[in-house]
Amino acid sequence: MSIKTATLNGVATIEIARPEKKNALTRAMYQAMADALIAAAADPAVRAVLITGQPGIFTSGNDIEDFVSRPPHEENSPVFQFMKALLGCDKPVIAAVTGAAIGIGTTMLLHCDFVYVSDEARLAMPFVSLGLVPEFASSLIVPRLMGQAKAAEKLLLGDPFTGADAVECGIANAVLPAGEVVNHARRVAERFNLLAPAAVRESKRLMKAPLREQVLATLATEGKLFGERLRSPEAQEAFQAFFQKRAPDFSKFN
Ligand code: COA
């Protein structure tokens, strides 16, 4: 099983565990994460959710083989179920970014409440480099968080950035030594055992409310375009290049 779940001391942990493929997320893994989030939200024994990866890798994003063979298109596909479950979770979600966080590995952090990043981690949103467009409402949230100039570096050029950059631009709370990031995130999650649970949930809902409709609308607009782009010749060239371990050649496109 590539997603491990466990509930201990009020914290539901969702651990991405497919290290041989750098924790690339398949349809089954998105579904498992969606189900775990929904179960955690409904379980009175859970006060907070912790999302984590493996040493050196949080997730390399969507499985590129799945992008080629089973591209998501329908609105209830597992990736959309995951996105909606994360957006709908009214309990605090804490991410321990144990290593590289690529694509949705970074954009999911925009919807977590606390983000702690290993000092060895690199983040990136290389959608354009893959002939794609931003997803998970990142086209809305990233420019709002860091301004157009820095957003263009990350979303148009796909430049990777460090945990310290992520803190500076408002994506993450803190950078920690690689060996400490999960324990630190867990300690923060466990603090919710001492807080009034309904007050926490209502407060989170209030904090998310002003942007909620816009986020959902952007998710739908991006999702439609993303689905079209997955089938585009530009994306096909990028996917082939990935599997052939070469740089993509976009020179023939206009
Ligand atoms: N989808 C499918 N397979 C992936 C993958 C992904 N997103 N990311 C890594 N893998 C596979 C590789 O194909 C490789 O498989 P192989 O051993 O059968 O050849 C294996 O995982 C190890 O990856 P590798 O690239 O050799 O590891 P690395 O340490 O050199 O680099 C990354 C790690 C994460 C930087 C690199 O794998 C990467 O850039 N992955 C793609 C990220 C991406 O573009 N994601 C989509 C965003 S929308």
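Start at 1 and go down the list; that is how both ligands and their atoms are numbered.
Thr98 places no side-chain N or O within 3.5 Å of a backbone atom of Gly56 that could act as its donor or acceptor partner.
The aromatic rings of Phe67 and Phe226 lie tilted to each other, with the angle between the two planes from 30° to 60°.
Remark: Lys154 is positioned above the aromatic ring of Phe161, its terminal NZ or CZ atom under 6.0 angstrom from the ring centre and at most 45 degrees off the axis.
In this model, a donor atom of one side chain and an acceptor atom of the other lie less than 3.5 Å apart for Thr13 and Arg186. Under 3.5 Å, the side chains of Glu222 and Ser139 contain a donor-acceptor pair of N or O atoms. One side chain, Glu135 or Thr107, offers a donor N or O that lies under 3.5 Å from an acceptor on the other.
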Please tabulate, one line per pair, the protein N or O atoms found under 3.5 Å from any N or O atom of ligand 1, giving the distance to one decimal.
unit_1   : atom_1 : unit_2 : atom_2 : d
ligand 1 : 1 (N)  : Ile64  : N      : 2.8
ligand 1 : 7 (N)  : Ser60  : O      : 3.3
ligand 1 : 7 (N)  : Ser60  : OG     : 3.3
ligand 1 : 7 (N)  : Asn62  : O      : 3.1
ligand 1 : 8 (N)  : Ser60  : OG     : 3.0
ligand 1 : 15 (O) : Lys21  : NZ     : 3.3
ligand 1 : 18 (O) : Lys21  : NZ     : 2.7
ligand 1 : 19 (O) : Lys245 : NZ     : 3.2
ligand 1 : 29 (O) : Lys22  : NZ     : 3.3
ligand 1 : 45 (N) : Ser60  : O      : 2.8

